[in-house]
*Asks:* 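First the structure, then my questions, so here it is.
Side chains are part of it too, since the values below use all heavy atoms of this structure and drop only hydrogens, waters and symmetry mates. Labels below follow one simple rule: chain letters A, B, ... track the order of the sequence lines, proteins then strands, and each chain is numbered from 1.
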Protein chains: 2
Amino acid sequence: MLVSVKSTPKTSARKAQIMGVSLELMRKLGYQGTSMRDIASAVKMEAASLYNHISGKEVILSETCFQMAERLLQGLAEVNDIYFNPTEKLSLAVKNHVKVLTEYTHAGWVFVHEWRHLSEENRLHFVALRDDYEKGFTTILKQGEDEGVFQDVNNKFAVLTILATLNWVVEWYKPQGDMTPEQIAEKLTEFILSGLKKENN
Amino acid sequence: MLVSVKSTPKTSARKAQIMGVSLELMRKLGYQGTSMRDIASAVKMEAASLYNHISGKEVILSETCFQMAERLLQGLAEVNDIYFNPTEKLSLAVKNHVKVLTEYTHAGWVFVHEWRHLSEENRLHFVALRDDYEKGFTTILKQGEDEGVFQDVNNKFAVLTILATLNWVVEWYKPQGDMTPEQIAEKLTEFILSGLKKENN
DNA sequence: GACGCTAACTAACATTTGTTAGTTGCAAAC
DNA sequence: GTTTGCAACTAACAAATGTTAGTTAGCGTC
């Protein structure tokens, strides 16, 4: 017999609302520029009441940053697990990155810009994840070089440049803009691959 | 007879020191995260004494942002005045951008990241300058297309991507790193041109 | 009807913040 | 030698900040 199990949501609707509103505000005002009272008044309650739902201001930032990092890392891991062709790998990694950033626009912006306001401990953890992610890209580039399809380049430099290009998407992407995330990903892939492929010089 | 004219410096040494220290702090802590007391103690005086040299916290930000904007715009104007070949123009525009950002590392970082904390009025002005700068790049791309040396691309998208790539330099450039500004500019030019040139597809 | 849980509230707290007012020591200018 | 002005100081202010304490209203469960 089929029963719709009413599983308790691991994060309440109210908390989700607070998180969403917070990210929206932080995108406009920055993390430090957004006060608990700003957030409270945006969800029509008193600042103190927020503490019934979240344990403090920093968890808004840390949960966001780590969630986004998780999403990006997982996408990259899948790409590396499933595919073999480095060109294909890179193209899918780009697609995943753009997809995550455009699916969660506010979180994406906060993730890209405000991670440096994490507490010491969280920041170190975050940077470690970031380094892992960069290494994942470096591996793809190396593979491409070894197989002779990518030029030999300064890998650190190339990866940073690629991620720069990808991250800047949060700056101007608007859901109602004239390019879909897929189109953006495609164009960026073209752009990036044209700078790496061996045929060009 | 030669006399060394002791022209009154338009900005005193003390003020320059305060500005420099402020930018250094702001790079670490952000604009909002840097207090007047932080700045004061870094130059070994009381917060109130800062007001003998600067009229308020925001001028640190606004002077920095507008000075950097000025430098970038002037470089771009020169390029557009002197040269004709769009490939050459673009390459020199990139070189100028990298040169400015790497010559003034702290100011560059603050300029790229903290302009949004300018007062309403200053922010609008700043954004207008930014738009001018972007238009300068768009013009170069258009010329390249008209002359048949660049692919036809979505210009807005291309310019934003190019500037993203260039601006990210402030994130990782270290004066004692293993690439000189010239080398960085050269590599970035290669990368960008490979995505624009018509021969590649 | 008593109990406990949830989610809101009011009040208050200790700090921190940017800035102003008023004062003082000192060196250059007259 | 007096005056002037710069650059530092101390003291203070009003506002804002993140957070805690204590209370209360409503609602489902025993």
*Asks:* Does A:Asn167 have any side-chain hydrogen bond (donor to acceptor under 3.5 Å, both in side chains) partners at least two apart in sequence or in another chain, and if so, which?
*Replies:*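 Only A:His97 meet the side-chain hydrogen bond (donor to acceptor under 3.5 Å, both in side chains) criterion with A:Asn167.
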*Asks:* For DNA chain D, which residues in residues 34-42 of chain B have a heavy atom at a distance below 4.0 Å?
*Replies:* B:Arg37
*Asks:* Specify the residues of residues 49-66 of chain B, ordered by number, for which at least one heavy atom lies under 4.0 angstrom from an atom of DNA chain D.
*Replies:*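 Within this stretch, B:Ser49, B:Asn52, B:His53 sit under 4.0 Å of the strand.
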*Asks:* Pair up each side-chain donor or acceptor in residues 72-82 of chain B with any protein partner under 3.5 Å, not counting sequence neighbours, and list the distances.
*Replies:*
unit_1	atom_1	unit_2	atom_2	d
B:Gln74	NE2	B:Glu78	OE2	3.3
B:Asn80	OD1	B:Lys89	NZ	3.4

*Asks:* At the 4.0 Å heavy-atom cut-off to chain B, mark where contacts on DNA chain D begin and end, going 5' to 3'.
*Replies:* D:dA7 to D:dA12
*Asks:* Partners of A:Arg123 by side-chain hydrogen bond (donor to acceptor under 3.5 Å, both in side chains), sequence neighbours excluded?
*Replies:* A:Glu120
*Asks:* Hey, what do you get for CG (A:Leu124) to CG (A:Leu129), rounding to the nearest 0.5 Å?
*Replies:*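 Going from CG on A:Leu124 over to CG on A:Leu129, the span is 11.0 Å.
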*Asks:* Given axes from five pairs at either end, by how many degrees does the helix from C:dG1-D:dC30 to C:dC30-D:dG1 bend, rounded to 10°?
*Replies:* 10°
*Asks:* Looking at residues at least two apart in the chain, or sitting in another chain, which of them share a ring-ring contact (aromatic ring centres under 6.0 Å, His included) with A:Phe66?
*Replies:* A:His125
*Asks:* Show me, pair by pair, the donor-acceptor contacts under 3.5 angstrom made by side chains of residues 16-30 of chain A, not counting sequence neighbours?
*Replies:*
unit_1	atom_1	unit_2	atom_2	d
A:Gln17	OE1	A:Arg14	NH1	2.5
A:Ser22	OG	A:Ile18	O	2.7
A:Arg27	NH2	A:Val170	O	2.8

*Asks:* Could you check if a side-chain atom of B:Gln32 sits within less than 4.5 angstrom of a side-chain atom of A:Tyr31, using non-hydrogen atoms only?
*Replies:*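 No, side chains not in contact.
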*Asks:* Could you state the interatomic distance from CZ (B:Phe111) to OG1 (B:Thr64), rounded to the nearest 0.5 Å?
*Replies:* 11.0 Å
*Asks:* Identify, with sequence neighbours excluded, every residue that meets ring-ring contact (aromatic ring centres under 6.0 Å, His included) alongside B:His117.
*Replies:* none
*Asks:* Go through the structure and list residues passing ring-ring contact (aromatic ring centres under 6.0 Å, His included) with A:Phe150, not counting sequence neighbours.
*Replies:* none
*Asks:* Report, one line per pair, each donor and acceptor closer than 3.5 Å where one atom sits in a side chain of residues 157-166 of chain B; sequence neighbours left out.
*Replies:*
unit_1	atom_1	unit_2	atom_2	d
B:Thr161	OG1	B:Phe157	O	2.8
B:Thr165	OG1	A:Thr165	OG1	3.3
B:Thr165	OG1	B:Thr161	O	2.8

*Asks:* Considering only heavy atoms from C-beta outward, does the side chain of B:Lys15 approach that of B:Ile54 to under 4.5 Å?
*Replies:* yes
